[in-house]
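The structure appears right after this line, and notes come after that.
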Amino acid sequence: MIQSLAVVKKSERLSDGIYSVWFDTEIARSARPGQFVMVNTHSDAHLLGRPISISDIRKEAGQLRLVFRTVGYGSGELSEAKIGDKFEIMGPLGNGFPLDEVAPETKVLLMGGGIGAPPLLGVANKLKKLGVESVSAVLGYRGEAGGLFLAEDFKKFSNVYIATDDGSSGTHGTVVDAVKENDIQADVIFACGPMPMLSAIKKLAAEKGIKAYISLEERMACGVGACLGCVVKTKKVDAHSHVNNSRICTEGPVFEAEEVEI
Amino acid sequence: MNTQVEICGVKFKNPVMDASGTFGSGIEYSEMVDLNRLGAIVTKGVANVPWEGNPTPRVTETPSGMMNAIGLQNPGIDVFIERDLKFLEGYDTNVIVNVCGRSVEDYVEVVERLGEEKKVSMLEINVSCPNVKHGGIAFGTDPHALEEITRAVKAKAKQPVIMKLSPNVTSISDMAKAAEAAGADAISLINTLTAMKIDIYRRKFALANKTGGLSGPAIRPVAVRMVYEASHTVKIPVIGMGGIASAEDAVEFLMAGASAVAVGMYNFHRSSAMIDCIDGIEEFMKKTGIQDINEIIGCVG
Ligand SMILES: Cc1cc2nc3c(=O)[nH]c(=O)nc-3n(C[C@H](O)[C@H](O)[C@H](O)COP(=O)(O)OP(=O)(O)OC[C@H]3O[C@@H](n4cnc5c(N)ncnc54)[C@H](O)[C@@H]3O)c2cc1C
Ligand SMILES: Cc1cc2nc3c(=O)[nH]c(=O)nc-3n(C[C@H](O)[C@H](O)[C@H](O)COP(=O)(O)O)c2cc1C
Ligand code: FES
């Protein structure tokens with residue numbers, strides 16, 4: 001875990017309000033899919049780091065890709081990043097997806113909603129490297145007009161299914177609807193996206209009796225487990241906190257769905 | 001050049017420490033920060049039993065600062081001694097344990113448990129947390145309640161006692177006097193200022209607790225004023241904090257009358273914040289020809 005200045009290597013707009021930035025940073029060398037970084041703004045008025053998931057990793061080159069939606073000040077500043085610009089970044093943070101436990105014959109289902117899709121790209125990439133053959137990615141978007149960002153990139157590593165809110169592409173409905181419509185079979189689910197989607201996936205996984213790992217979000221101040229700002233209620237007493245609370249930034253952001261109260 | 005300060009007989013290699021709750025037990029930042037360089041490590045508030053804390057959201061950004069309503073989540077004193085204190089034994093720095101409770105008995109129980117712990121240099125009694133319904137700030141805003149709890153803690157404490165004061169009072173001098181009269185060995189201030197933020201699009205409070213404690217550079221001028229008033233009212237040493245982000249800020253608190261300073265939420269922004277302060281204070285001393293840091297403590301006014 002380090003905090004240092006990262007240099008913008010490439011910056012592009014993927015679709016409406018969705019941007020991708022590649023950084024040159026030492027953090028890449030120890031980063032794993034599903035981990036995140038805290039990105040500082042350049043403003044003295046905005047002092048908390050912005051948690052952003054690592055979307056893709058080039059370990060040898062020492063490069064990280066962040067894909068994000070513009071929401072407010074920090075993401076706005078980042079969307080204007082130009083090659084050579086420097087941002088103070090801390091990471092890698094959190095646990096990441098448990099990919100080393102995935103055997104090559106495992107049927108893996110990736111479920112990403114909106115800006116939750118990009119972090120799964122690094123997962124798909126890594127699974128391919130691990131020789132996992134059956135990987136399906138179900139990606140949810142608002143609609144074709146808003147852009148099916150990264151769907152093409154996912155095709156390099158997985159079978160891609162699309163769900164859109166407005167039915168303009170793929171299944172008309174949610175990612176869970178798409179899984180049902182296409183009768184996709186899986187041994188394990190890795191998911192990232194908005195809370196209602198994650199709740200639905202938790203239910204789906206319980207119904208089908210499969211394990212689901214979901215990546216959670218919460219407001220963060222430190223990102224390293226010190227402030228206790230980012231907790232989620234847990235079924236069991238947490239080994240660190242000794243209450244029914246886990247720190248999303250440290251014990252997470254990836255949790256087994258049945259372990260957390262969402 | 002001397003950067004060492006002494007508070008209640010405890011020697012600090014430099015006057016810089018973290019503010020409770022912003023640095024965990026040091027473990028969390030130990031990969032990035034050399035804990036041996038710090039004047040002291042002040043741990044997150046610990047109670048006699050584990051506390052769940054408040055619902056989320058617990059933190060939110062505000063202009064040049066943040067608000068928090070963690071609600072003093074902590075694993076309880078048993079786990080703290082077994083795990084956190086054991087970890088800190090490996091480091092060459094003072095350990096100040098921040099204590100919280102819902103009743104006088106709760107506080108005293110924790111203080112007694114820590115009595116035999118050699119690694120604990122001082123106790124800091126948090127009577128000023130705005131985010132818990134019972135205890136906490138109730139003791140910190142009423143001078144009589146403050147005196148009562150200070151006496152009870154002092155009667156059992158084996159280490160020097162720092163009473164941590166709330167800024168949410170009309171007269172900080174009265175509170176400082178009450179703590180001193182009841183036997184406190186030192187005081188620290190300021191804790192966070194009670195604040196509120198509303199998300200106008202969702203028509204909801206930004207924090208689940210509705211109110212939260214404001215900290216960060218936004219509160220610094222308030223903190224400097226209070227440290228000045230308190231340190232010019234009492235004879236016991238004052239540890240100053242509130243929005244410190246740089247060596248210049250730290251020096252400002254020392255000149256206002258603080259014998260040592262603590263860096264709080266700025267640690268979240270930059271993990272090297274305290275190390276930068278320590279190095280920067282030395283540079284400031286060189287640049288302005290100060291031989292001994294003690295020369296500047298309370299030099300203004
Ligand atoms: C572990 C984790 C991973 C994330 N990964 C991504 C990602 O890959 N791509 C992406 O677009 N977004 C991601 N988010 C959400 C992202 O953190 C917010 O969109 C971002 O912080 C907004 O910052 P802002 O300055 O633009 O917005 P502002 O509204 O100006 O931010 C104000 C404050 O609120 C915080 N905040 C606002 N929205 C969120 C949110 N949804 N979650 C947490 N904090 C928030 C900010 O960090 C900041 O402290 C992630 C969040 C978490 C917790
Ligand atoms: C997230 C957070 C948690 C805190 N927890 C505690 C605590 O447990 N005990 C305590 O006495 N003060 C606590 N404080 C208050 C700080 O120690 C400090 O007094 C205050 O934040 C002002 O300093 P700052 O502006 O540098 O942050 C906390 C502050 C923050 C931001
Ligand atoms: S953000 Fe501070 S504990 Fe997770």
Side-chain angles (χ1 to χ4, degrees), chain A residues 1-5 26-27 30 38-51 71-74 88-93 195 216-234 237-251 260-262, chain B residues 18 21-33 44-45 49-76 78-80 82-84 206-208 212 215-218 243 245 264-273:
Chain A
M1 187 194 300
I2 56 169
Q3 187 178 32
S4 65
L5 287 175
E26 280 300 306
I27 295 169
S30 56
M38 294 283 269
V39 184
N40 275 353
T41 76
H42 293 90
S43 157
D44 284 345
H46 299 271
L47 293 177
L48 296 183
R50 271 51 182 166
V71 173
Y73 185 85
E88 196 170 35
I89 295 190
M90 184 164 63
L93 305 170
M195 203 49 107
L216 301 182
E217 286 187 7
E218 186 49 80
R219 302 286 153 152
M220 295 186 173
C222 71
V224 301
C227 75
L228 307 181
C230 67
V231 299
V232 60
K233 288 255 164 252
T234 52
V237 169
D238 175 271
H240 179 268
S241 72
H242 288 259
V243 292
N244 291 69
N245 264 344
S246 287
R247 300 167 297 185
I248 291 177
C249 69
T250 305
E251 280 76 47
V260 289
E261 311 279 349
I262 56 165
Chain B
D18 62 287
T22 65
F23 206 62
S25 306
I27 302 175
E28 294 82 353
Y29 278 99
S30 56
E31 262 182 66
M32 292 185 287
V33 181
K44 169 76 186 163
V49 292
W51 287 14
E52 288 260 346
N54 289 327
T56 56
R58 292 177 170 186
V59 292
T60 187
E61 187 177 76
T62 57
S64 298
M66 64 174 285
M67 280 164 53
N68 88 83
I70 307 296
L72 292 172
Q73 181 187 321
N74 76 87
D78 292 339
V79 174
F80 175 82
E82 281 279 303
R83 179 184 63 198
D84 306 64
L207 298 179
S215 61
M265 75 80 61
Y266 213 77
N267 289 309
F268 302 152
H269 176 69
R270 185 162 294 124
S271 51
S272 64

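Computed from a predicted structure; not experimentally measured. Residue numbers start from 1 in every chain, and the chains themselves are labelled A, B, ... in the order their sequence lines are given, proteins ahead of strands.
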Side chain to side chain, B/W51 and A/V243, heavy atoms closer than 4.5 Å = no
Under 4.5 Å heavy-atom distance to chain B, tell me which part of A/D238 shows up: side chain, backbone, both or neither.
-> neither
Salt bridge (Lys or Arg N to Asp or Glu O under 4.0 Å) filter on A/R219, not counting sequence neighbours, yields none
About how many Å separate CE of A/M38 and OG of B/S271, when rounded to the nearest 0.5 Å?
-> 11.0 Å
Count the heavy-atom pairs under 4.5 Å between each of A/K233, A/M90, A/M220, A/M1 and chain B, then report the option with the highest count.
-> A/M1
Is there a donor-acceptor pair closer than 3.5 Å between any side-chain N or O of B/E52 and the backbone N or O of A/N245?
-> no
Heavy-atom pairs under 4.5 Å with chain B are the metric here; pick the option from A/E218, A/H240, A/E88 that has the most.
-> A/H240
Scanning both residues in full, the closest heavy-atom pair of A/A221 with B/F268 reads O-CB, 3.4 Å
Would you confirm whether A/N40, through its side chain, and B/H269, through its main-chain N or O, come within 3.5 Å as a donor-acceptor pair?
-> yes
Can you say whether B/R270 sits under 4.5 Å from chain A via the side chain, the backbone, both, or neither, judging by heavy atoms?
-> both
Indicate yes or no for a side-chain donor-acceptor contact from B/E28 to the backbone of A/C227 under 3.5 Å, with no hydrogens or angles considered.
-> no
Could you walk me through whether B/M32 and A/V224 pass the side-chain contact (heavy atoms from CB on, under 4.5 Å) check?
-> CA-CA 10 Å; B/M32 292 185 287; A/V224 301; 4.1 Å; yes
Side chains of B/M265 and A/L48 in contact at under 4.5 Å (non-hydrogen atoms) | yes
The interface call for B/S25 against chain A, heavy-atom contacts under 4.5 Å, is neither
Below 4.5 Å from any heavy atom of chain A, which atoms of B/N267 appear? Answer side chain, backbone, both or neither.
-> neither
With a 4.5 angstrom heavy-atom cut-off, which part of A/Q3 approaches chain B: side chain, backbone, both or neither?
-> both
Of all of B/R83, B/E61, B/E31, which one pairs up most often with chain A through heavy atoms under 4.5 Å apart?
-> B/E61
By side-chain contact (heavy atoms from CB on, under 4.5 Å), A/L228 pairs with (sequence neighbours left out) A/R247, B/K44, B/R58, B/I70, B/Q73
Do A/D44 and B/P217 touch side chain to side chain, with heavy atoms closer than 4.5 Å?
-> no
